[in-house]
Amino acid sequence: MENKKKRSLIAFILCAAFTIVFAAAAGVLLSLAPKNEVLSSAQGTTVTRVARSYTEDSWYYGDSAGSLVKMSADGDEICRTTITEGRAIRSVASDPALNGLIVLDEDYNLFTVADSGDALTATFVRAFSGGYQSLAVDDEYVYFAVPASRYTQFVKYAKDDLAGEPLARGQMYTCFRQGGNYQFQPVISGTIVGMYVDDSYLYVVTGEGQYHRIAKDFSLNDFPFLSEEELAALGATVASNGTVTLPADSYDSALYRTARKQLAAKAAAFDAERGRFYIAGADGDFDALDLSFDEIEGFNVVLPNTPATGALAFHRESGTAYVAYENISGVTAIDVSGDAPAVLYQADVAFYITNMAVPAGGGRLLVICSGNNRDNPDYKELLSADIGTLANKGLLNGLGIAAVALAAVCAVGALFTALLVFRSGFSSRCRVVARGIGKNWIVYLIIFGSLAMLILFCYYPGISSMVLSFFDYTRTNPTMRFNNFENYIEIFTDPSNLIAFRNMLIFLLADVVIALVPPAVFALCLIFMRNKHYGTFARVVLFLPSVLPGIATLLIWTRGIYGVDGVLNMILRLFRGEVLEPVLFLQDHGIVSLIMMGFPFVGSYLIFYGALMNIPSSYYEAAELDGCKLFKRILWIDLPMITPQIKYVFILAFIQSVQNFSRVLMTTDGQFGTQIPIVLMYKRLQEGDYGLSSAYATLMFLVLIVVTIFNMKIKTQEMEAGS
Amino acid sequence: MRKKVARLRNSDRLPVQIFVVIWVTLSLVFSLIPLYVTILNSLKSHAAIAANIFSFRLSWAAVCENYSVAFNNIWRPMLNSIFVAFIGAFLNMLLGAVMAYIFSRKNFFGREFLFKIYIIILLVPSIMGMPVLMDFTTKIGLMNSYFAIWLPVIGGGQAGAMFLFRTFFTQQPASIFESAKMDGANDVKIFIYLVLPLAFPILLLNFVGTFSAQYNDYLWPGLVISSADKRTLMPVIQSVVELLESMQQRGAQYAIYVICSVPLIITTALSLKHFQSGDFASGMKL
């Protein structure tokens, strides 16, 4: 015995030591894991675009107030300029072939920005009144894609004379062979994911899975801008819908080539050095295409999720591509410098990244992502992640969590061994329990499965909803952030919400009365009825309306009974003549109409009826012998005898009334002063604002908890009576 | 020897009887109005309904059109609904029965404690966990899958079913189980050949109840199912009705209400025998 105790003591000391070691390790590892650095946020503005510089290791960002800021590699501001005061910057283009930047403001005014190292100077160039889609730059020219009426057009300007007249114009076509001819169909303008230029061609990647390779002088793209003679010289005929037909012999595929692919690009990058495009496709594929848009063999990476629009950064110096996603907070780094791609790592950076850049040094990843700002859903902030540590981040975090788990296991072990050592009789009790569990292991296995479902789908959501109601937490930004009861403040400071809670109480009162009084009266009527055949008939007939689904019943009431041509207006017209304006029941008398739905409220009379049937008739006989009147009999015998049923129906009606959302959602949709909290919660849920809808749920739970405690008392009584 | 005299009770007096009959009759009439309007108008053309909702201008052509339009619009979501509700109700019933058997007939360590865990959840309203449940469903990738409907239904519903069945199982005489055990039947055999057949009415009742609750559910399926070919009936029905209103097809709206009642007519007919007597309601330990 002593021996055993000694062994337990040693085990206890070991466990306790390991607990401390693992806890310390977890603390160190988790604090070592790199954190993202917020570089620019709040202060009333939102970051809109970020772009790297190709001449030095600096970078630029534009914000919603119209400022363009140059930042050093370490994230310190170097200088700033204002493009258009108060107008957000829509696009910042930087290109190795460009001396400065080309910046577009919210109103499609184009500026060139010259960067003299420590100062930025912006010059207005021109306005694209019809909008703007993309641009590409080569040594001499700048090519713009702009929407023109329904189609996408290209314009080409000399680089040092952007304000001047366009040198050439073109239009985007899809080209396919039909018989002996080639047909050029104008492309309805969609999203242009990327536009790139190399020595010989202009390349356009659209979001619809189309890839275009265009001659730089736009030949075979310039049909709308050609004269009759020029068209005739090409042998082209133009149909009224803009489709151009060209004989096969005058088509030179070197001048214009379109490819239509399954791979619909969400984000694209052009690697001029290796002559290929990197495409992150909508169905989660990362592919490389060669210059004639054929997939490069063996160059495919399956991404873990749908890539976010426009969020692919290609760092040309190191040949690394970074892809961000729509629903998960990861960024995948892919080494594309070789013949086959290699996924370097997948790191957690931020949710909903819309724009990324990696400055020349390759030391940091700059992302624009959705920030925490309830008042402005478009708010974006700029994060900087250190690329050097990103690769290790997942590993450090994983090790940290593993250490926490091990520490927890050791702590449990320590506690157990401590009990073995210091509590007499504990070990023998343990042995008994262990033997019992061993005998009934199948039972425990089944209970484990069933309990897992119960906990995962009932306990866990219920409890954490309550916790979540104190946090900012939305579908687009699922990071929990305590917000000083802001969810509750928001609910209680909005007068329309207060009306919703008032309505909830009105409905509650009415529903409880309706659920108790008319069914009880009806059940008593059935009991009193001498003609038992009629009573049976009534009970059978009352089942008929219950075959209509609840939603259908609501719609029938809304349209068929309360409607303008509905039953009630029809009856009113019978009495008051045709001239009567129809009464708009739901609009003008919303709450009353909604309460009256389901008239005559026979409801759960069966529960009362069954209970009344079981009252021994001797009670009544005795009462009548004593000369008890009918009314008194109801009051002193019937009602007390069905108290349990009344309690049951009361609880049920109470709970259902607060949770009855379809009554309002399907009929008035919360308009006309009939809003209730659960409909508000449903709407917030649909919008994905989990924190706020949890606050609504918690408030409703607080109302329900009154009756829940009442219910709990009854249930425990039942359990005691049952066992 | 005393002669048995049928004594006139207080409640048998004429004014009371008149009041009773009138009250019951009015309740019946008003309760049936929505159903009556629905069936009547599903047999009429749009113009006839708009003119007078009570008129008897029935026409065979209108019937054919109403029902074919209605059927074409809702058959797919309706089949989905039936499928989802059937599977959900069946699994819920099965799991509830197994758990009830375990908790009523087996003795094991921690039984009372575990039973309390199941009962407490019955007291928490289902809306409480909805925000997190939705987030959780998204995270484990069940969005737009029927498992997003089934798992919460079974997870929570088993507790209610178990509570109901357990009351029933404990009322069954222990002697038959003992004799079955003496004859060498194991738990699985006892459960399949003894417990389930004996409890058939209550199992059916639970199945029917869960089925119609699932069939009628609007909130949760509307939140988790998004693709058109998977949507269930109730979330779809309102938009279909609005579409038909804009197409001047009011008769077809009523035909939809009739068609979507068919599964519930069947389930109600199944359970009518047990519900109608009121025995069940009084038999529940309240």
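Sequence lines set the chain letters: A, B, ... in the order given, protein chains first and strands last, and positions in each chain run from 1.
- Contact annotation for B:Thr38: only side-chain heavy atoms (C-beta onward) come within less than 4.5 Å of a heavy atom of chain A.
- Both the backbone and the side chain of A:Met466 come within contact range of chain B, with heavy atoms under 4.5 Å apart.
- In this structure, the portion of A:Leu704 lying under 4.5 Å from any heavy atom of chain B is its side chain and not its backbone.
- The most heavy-atom pairs under 4.5 Å with chain B, out of A:Cys525, A:Ser604, A:Ser464, come from A:Cys525.
- At least one donor-acceptor pair under 3.5 Å links the side chain of A:Ser465 to the backbone N or O of B:Met128.
- Ranked by heavy-atom pairs shorter than 4.5 Å toward chain B, the options A:Val521, A:Val432, A:Ile655, A:Thr553 are led by A:Val521.
- For chain B, no part of A:Leu554 is nearby; none of its heavy atoms comes within less than 4.5 Å.
- With a 4.5 Å cut-off on non-hydrogen atoms, B:Val98 touches chain A through its side chain but not through its backbone.
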In sequence, state the C-alpha distance, the side-chain angles, and the governing distance for B:Gln158 and A:Leu454, and then conclude on side-chain contact (heavy atoms from CB on, under 4.5 Å). CA-CA 8 Å; B:Gln158 59 166 342; A:Leu454 190 75; 3.9 Å; yes
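- In this structure, chain B has heavy atoms under 4.5 Å from both the backbone and the side chain of A:Met529.
- Neither the backbone nor the side chain of B:Asn41 comes within contact range of chain A; no heavy atom of the residue lies under 4.5 Å from a heavy atom of that chain.
- Both the backbone and the side chain of A:Val541 come within contact range of chain B, judged by heavy atoms closer than 4.5 Å.
- Looking only at distances, a side-chain donor or acceptor of A:Tyr459 sits under 3.5 Å from a matching main-chain atom of B:Ile117.
- Residues B:Tyr118 and A:Ser450 have side chains in contact (heavy-atom distance under 4.5 Å, counting atoms from C-beta outward).
- Each of B:Val132, B:Thr138, B:Leu133 was scored for a side-chain contact (heavy atoms from CB on, under 4.5 Å) with A:Tyr690, with one residue passing: B:Thr138.
- Rounded to the nearest 0.5 angstrom, B:Leu114 CG and A:Tyr444 OH are separated by 7.5 Å.
- Ring pair A:Phe661/B:Tyr218: centre-to-centre distance below 6.0 Å.
- Taking 4.5 Å as the limit, every side-chain heavy atom of A:Pro600 sits out of range of all side-chain heavy atoms of B:Leu26.
- Inter-residue side-chain proximity for B:Leu219 and A:Ser662 is flagged as unmet; no heavy-atom pair is nearer than 4.5 Å.
- A:Leu544 contributes atom CG, which lies 14.5 Å from atom OH of B:Tyr36 (distance to the nearest 0.5 angstrom).
- For the atom pair B:Tyr257 OH and A:Ile551 CD1, the distance stands at 10.5 Å (nearest 0.5 Å).
- Taking A:Ala538, A:Ala623, A:Gly563, A:Gly550 one by one and counting their heavy-atom pairs under 4.5 Å with chain B, the maximum is reached by A:Ala538.
- With a 4.5 Å cut-off on non-hydrogen atoms, B:Leu95 touches chain A through its side chain but not through its backbone.
- For the pair B:Leu28 and A:Tyr534, the minimum side-chain heavy-atom distance is below 4.5 Å.
- Contacts between B:Leu233 and chain A at a heavy-atom distance below 4.5 Å are absent for every atom of the residue.
- A distance of 8.0 Å separates CD in A:Gln659 from CE in B:Met130, rounded to the nearest 0.5 Å.
- Rounding to the nearest 0.5 Å gives a distance of 6.5 Å between CD1 of B:Ile237 and CG of A:Leu555.
- Only the side chain of A:Met570 comes within less than 4.5 Å of a heavy atom in chain B; its backbone stays farther off.
- Contact annotation for B:Val37: only side-chain heavy atoms (C-beta onward) come within less than 4.5 Å of a heavy atom of chain A.
- With a 4.5 angstrom heavy-atom cutoff, A:Ile651 does not touch chain B via any of its atoms.
- In this structure, the side chain of B:Gln17 engages the main chain of A:Phe528 through a donor-acceptor pair within 3.5 Å.
- Interface residue A:Leu468: only side-chain heavy atoms are found under 4.5 Å from chain B.
- Minimum interatomic distance between B:Ser261 and A:Val547 (heavy atoms only, all atoms of both residues): CB-O, 3.4 Å.
- The shortest side-chain heavy-atom distance between B:Gln253 and A:Ile556 does not fall under the 4.5 Å cut-off.
- For chain B, the nearby parts of A:Leu451 are the backbone and the side chain; heavy atoms of each come within less than 4.5 Å.
- The shortest heavy-atom contact between A:Gly560 and B:Tyr254 is CA-OH, 3.2 Å.
- Between chain A and the residues B:Gly157, B:Gly156, B:Ser104, B:Pro152, the most heavy-atom pairs under 4.5 angstrom are made by B:Pro152.
- At a threshold of 4.5 Å between non-hydrogen side-chain atoms, the residues B:Ile154 and A:Phe457 do not count as touching.
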Show your working on side-chain contact (heavy atoms from CB on, under 4.5 Å) between A:Arg559 and B:Glu242 and close with a plain yes or no. CA-CA 10 Å; A:Arg559 287 156 188 276; B:Glu242 261 156 28; 3.4 Å; yes
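- Atom CE of A:Met453 sits about 13.0 Å away from atom CH2 of B:Trp150, to the nearest 0.5 Å.
- Contact of A:Val567 with chain B is made through backbone and side chain together, with heavy-atom distances under 4.5 Å.
- Looking only at heavy-atom pairs under 4.5 Å with chain A, the residue among B:Leu223, B:Ile266, B:Ile256 that has the most is B:Leu223.
- At most 12 non-hydrogen atoms from other residues, nucleotides or ligands lie less than 6.0 angstrom from CZ of B:Phe109.
- Ranking B:Asn216, B:Ile265, B:Ile127 against chain A, the residue ahead of the rest is B:Ile127, based on heavy-atom pairs under 4.5 Å.
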